[in-house]
Undergrad: 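Below: one structure in structure tokens.
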There are 2 protein chains.
Amino acid sequence: MSREKYVLVGQSGGPTAAINSSLAGVIAAGILEGARVEGMRYGIQGFLDGNSVRLDEAFVSRVDLELLRNTPASWLGSCRFKLPDPSQDDAVYQRLFERFDEVGATAVLYIGGNDSMDTIAKLGAYGSAHGSDIRFIGVPKTIDNDLVGTDHTPGYGSAARFVATAMNEIAYDADVYNLKSVTFVEIMGRDAGWLAASSALSFVEPDVVLLPEVPLDEEALLERISTTLGEKNTVMVGVSEGVRAADGSLICERATSGAGVDEFGHLAMLSGASRYLAALTKQRLGCKARAVELSTLQRCASYVASRTDLNEAYDVGHAAVEAAFAGETTKMCAIERVSDKPYESRTKLVDVLSVANQVRNVPREWIAADGMGVTPELIAYMKPLVGELPAQLATLD
Amino acid sequence: MSREKYVLVGQSGGPTAAINSSLAGVIAAGILEGARVEGMRYGIQGFLDGNSVRLDEAFVSRVDLELLRNTPASWLGSCRFKLPDPSQDDAVYQRLFERFDEVGATAVLYIGGNDSMDTIAKLGAYGSAHGSDIRFIGVPKTIDNDLVGTDHTPGYGSAARFVATAMNEIAYDADVYNLKSVTFVEIMGRDAGWLAASSALSFVEPDVVLLPEVPLDEEALLERISTTLGEKNTVMVGVSEGVRAADGSLICERATSGAGVDEFGHLAMLSGASRYLAALTKQRLGCKARAVELSTLQRCASYVASRTDLNEAYDVGHAAVEAAFAGETTKMCAIERVSDKPYESRTKLVDVLSVANQVRNVPREWIAADGMGVTPELIAYMKPLVGELPAQLATLD
């Protein structure tokens, strides 16, 4: 007699506006498959501590899956937990597989970014090597959009929509006084510039966009800003938190080189590429310059979520469950772009071993030759993921 | 023969999400009155420099007033310009009234906060004293909601909606890891706590709300946070940038008392009540504590604008033009609350001299006895101005 179908699902890594939509897809597919669906509370780590929550029919009868789809952050809770190399230390693997067998899991799904795909890859490999028939499937999510093997990642479209919207609001705000000013808007993405690039989708286009993929030439930047200020009042710069100098050092760390110690003796939180660049601009060009950090809102603003993103996040969760019960394991459920106009995508399975621990950067040819902007190809890539933005009246000249 | 009707309108002070809706109301009413409508570019100051833009039918045929209603910040541009006491210095009044007569203005409308009402009061008084028949009407707007003579100010509802929404997103984000943490969300309002109070409308209610109206007792705050951390993981605090200690000093200025000087020798931008309180909490309670500044987005986020706010902003602009052509002058067009359930309001005229240069604070009886929260009366006051917020799934216990 075959075992009862049992989907064990966890969320891991940083929150996004779309990760709960993937969870909703997993639950819906699990119910369709007649499976029991159990959620790990606080990821693998919470599960090891015996912390889980029932998600299948009994739960769904009480709440609306649609509400879950539109709820930001990781509803199940999250953790940051990297599995060791099993050849070095397999104690945690033994405990995990004991717990999997204890609850009767037949499919284990993990929704997350790079580390989560590493977890699925290691669990899948360990399971195969030890004769387990549990299926392991990764469901991607990250606002950084830096996973390989997929056209883009769930979570990116919504975060990019927030960034483009916020950039636009700030550009209107910056332009109200009749004076020269430069505004640096700092955007998440320590290694890859996908999210910072989305600032270029603002209705009021930024004048400069700086990504981590191209070393920053401060003198060229100052010259560009100076020239632009000769033509208009307000210069807007979208800047990735991960922008680096030619020697590879992070610009955001320069700001801590001063005597920035707070009243408790801690290193002051002076860090920030935008603060550094605003101070530099003020000093060198003598004009008003300010830094705006989009902060945590950019990863969790569900009120400006992209509908396409929420739908695709749901689809990859749904397809991951189907794949597991079709016998697949050690795979990631990815997104394939079928066409741009009209935009169409579908899910596909990729080997999770080929995904884990790699970073997908913005290709150099999608960044302007001078490193201070994005190309039409990158705009065309991002646009359908973000969706239409509300129309606004152009600023007066 | 009577002079041609001519509405001259300006925007002043900081931008909001609703100030352009008032401008749209002015333009629409001006057209209905058969008036010429001219906008001051960059407020009174720009107008003095000969900078204005035609807004009546010719303009409206080219753009959609509806677009203007939904465009954030001051579309005409703004200034910060306080008129001198005319008994000390009337040169600027002479120049202004010359310019008014030059263009043929019959009604001058100024959309703004306290300083703008002061401008209207002074111009109205000067005009009366010098036999001018130009009508001067003030159209209120400020996210601070601190004008007297009106139930609330246009711009407040939208900013409050942003604050409540952002507080909620950040609360979900803060709760994903299985650890104790305290998040301080810093909200604008140097003197009045209306906007900070709106953080209490978040679906996930904040545990503490701190307003400038009640001196902060740091020890009581730490004790409250400590007790709450004994009951749950995540403590959320909404804090006004204007919170003060018992001696009247601003909490946000404490953070600059350290050796915070940036690499250019400027005083580091360490200021911020939330940063100070996060550092204090970390030091004293030993738990994770972070500060989030909502920054400029809270005054210009038109994508979460309150529909009620945009409508009322439009209405006061519209009614101000009607009042001017009905012969009123030296008035502010205010909002009167007619009923709470269902919410209903209407415009009314108040003497602008009784409004200018006063600050309306949150009444002490609308703040919790311990000074760390808001009462149901204040919630009931704010709720209809902000509108329904999207439903989300409650966080897991």
Undergrad: Tell me, side chain or backbone of A:Asp175 under 4.5 Å from chain B's heavy atoms, or both, or neither?
TA: backbone

Undergrad: Heavy-atom cut-off 4.5 Å, strictly under: side chain, backbone, both or neither for A:Leu68 against chain B?
TA: both

Undergrad: Would you mind checking which part of B:Leu294 comes under 4.5 Å of any heavy atom in chain A, side chain (CB onward), backbone (N, CA, C, O), both or neither?
TA: side chain

Undergrad: How are the rings of A:Phe162 and B:Tyr303 set relative to one another: parallel (under 30°), tilted (30 to 60°) or perpendicular (over 60°)?
TA: perpendicular

Undergrad: Counting heavy-atom pairs under 4.5 Å to chain A, which of B:Ala73, B:Ala391, B:Gly14, B:Pro72 comes out on top?
TA: B:Pro72

Undergrad: When you measure from the side chain of B:Trp75 to the backbone of A:Ala394, do you find a donor-acceptor pair of N or O atoms at a distance under 3.5 Å?
TA: yes

Undergrad: Answer whether the closest heavy-atom distance between the side chains of B:Thr71 and A:Thr395 falls below 4.5 Å.
TA: no

Undergrad: Can you check whether B:Leu396 reaches A:Arg41 side chain to side chain, under 4.5 Å on heavy atoms?
TA: yes

Undergrad: Please examine the side chains of B:Val304 and A:Val304, heavy atoms only from C-beta on, and report whether any two atoms are closer than 4.5 Å.
TA: no

Undergrad: Heavy-atom pairs under 4.5 Å with chain A are the metric here; pick the option from B:Gly77, B:Gly43, B:Cys300 that has the most.
TA: B:Cys300

Undergrad: Measure A:Arg80 against the heavy atoms of chain B and call it side chain, backbone, both or neither at under 4.5 Å.
TA: both

Undergrad: So, taking the atom named OH in B:Tyr42 and the one named CG in A:Leu179, what distance separates them when rounded to the nearest 0.5 Å?
TA: 8.5 Å

Undergrad: Do B:Val176 and A:Gln11 have side chains that get closer than 4.5 Å, going by heavy atoms?
TA: no

Undergrad: Would you mind telling me which of B:Ser74, B:Ala174, B:Ala17, B:Pro390 has the largest number of heavy-atom pairs within less than 4.5 Å of chain A?
TA: B:Ser74

Undergrad: For the interface with chain B, which of A:Thr165, A:Asp173, A:Leu76 has the highest count of heavy-atom pairs at distances below 4.5 Å?
TA: A:Asp173

Undergrad: Contact between A:Glu293 and B:Ser295 at the side-chain level, heavy atoms closer than 4.5 Å - yes or no?
TA: no

Undergrad: Please report the closest heavy-atom contact between A:Ser302 and B:Gln392, naming both atoms and the distance.
TA: OG-NE2, 2.9 Å

Undergrad: Return the CE to CG distance between A:Met167 and B:Leu297, rounded to the nearest 0.5 Å.
TA: 11.5 Å

Undergrad: In terms of heavy-atom proximity below 4.5 Å to chain A, should B:Asp49 be classed as side chain, backbone, both, or neither?
TA: neither

Undergrad: Give the member of A:Leu67, A:Asn70, A:Val292 that has the highest number of heavy-atom pairs under 4.5 Å with chain B.
TA: A:Leu67

